[in-house]
Amino acid sequence: GVTLPTGEALSHWLNVATRNDAKVGAILREAGVDYVKVSYEQLYNADNADEWMKIFRFLRVGPMEDLTVDDVRATFNLASTHSKGRNETV
């Protein structure tokens with residue numbers, strides 16, 4: 001199983017992760033790299049598809065408006081989890 005830190009160790013871990021995230025964002029901005037920041041929680045736990053549309057708008061593909069969370073969930077079983085086909089991995 002996974003063991004997560006608790007108390008002060010958890011607080012420290014979260015602070016370091018937040019600072020590292022900010023550093024990556026600063027590096028990308030300084031390098032002129034376009035990126036989009038999304039929330040895992042909003043992607044998978046929200047009752048709307050706003051975060052998904054944010055990704056589609058950034059990539060300029062897929063539905064950029066009027067997407068529902070039901071539309072998103074209906075395609076979960078179609079999402080590829082790896083780049084090679086079954087015949088290439090066997």
Could you pull out all residues at least two apart from Asp21 that satisfy side-chain hydrogen bond (donor to acceptor under 3.5 Å, both in side chains)?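 Listed in chain order: Lys37.
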What I'd like to find out is whether the side chain of [X] reaches to under 4.5 Å of the side chain of [Y], using heavy atoms alone.
{"X": "Val16", "Y": "Arg19", "answer": "yes"}
{"X": "Val38", "Y": "Leu43", "answer": "yes"}
{"X": "Asp50", "Y": "Lys54", "answer": "no"}

Name every donor-acceptor pair, under 3.5 Å, that has one atom in a side chain of residues 63-72 and the other anywhere in the protein, sequence neighbours excluded.
{"from": "Thr68", "atom 1": "OG1", "to": "Asp70", "atom 2": "N", "distance (Å)": "3.4"}
{"from": "Thr68", "atom 1": "OG1", "to": "Asp71", "atom 2": "N", "distance (Å)": "3.0"}
{"from": "Thr68", "atom 1": "OG1", "to": "Asp71", "atom 2": "OD1", "distance (Å)": "3.3"}
{"from": "Thr68", "atom 1": "OG1", "to": "Asp71", "atom 2": "OD2", "distance (Å)": "3.0"}
{"from": "Asp71", "atom 1": "OD2", "to": "Thr68", "atom 2": "N", "distance (Å)": "3.0"}

Are Met53 and Tyr44 connected, step by step, through hydrophobic side chains (Ile, Leu, Val, Met, Phe, Trp, Tyr) whose heavy atoms are closer than 4.5 Å?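 Looking at the clustering, Tyr44 is in the same group as Met53.
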Hydrophobic clustering (ILVMFWY, side-chain heavy atoms < 4.5 Å, transitive) - are Phe58 and Val61 grouped together?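 Yes, one cluster joins them.
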For Tyr35, does the OH atom have more than 12 heavy-atom neighbours from other residues, nucleotides or ligands under 6.0 Å away?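 Yes, OH of Tyr35 has more than 12 neighbouring heavy atoms, counting only those of other groups under 6.0 Å.
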From OH (Tyr40) to CD (Gln42), nearest 0.5 Å: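 If I round to the nearest 0.5 Å, the distance is 12.5 Å.
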Under the side-chain contact (heavy atoms from CB on, under 4.5 Å) rule, what do Asp34 and Leu28 come out as? Steps first, then yes or no, please. CA-CA 7 Å; Asp34 291 333; Leu28 291 172; over 6 Å; no
Please identify each residue that fulfils side-chain contact (heavy atoms from CB on, under 4.5 Å) with Glu41, with sequence neighbours left out.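 Once residues adjacent in sequence are excluded, the partners of Glu41 under the side-chain contact (heavy atoms from CB on, under 4.5 Å) criterion are Ser39, Asn45.
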Whether the side chain of Ser11 engages the backbone of Gly7 through a donor-acceptor N/O pair (distance < 3.5 Å, no angle test) should be reported.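 Looks like no, no N/O pair under 3.5 Å.
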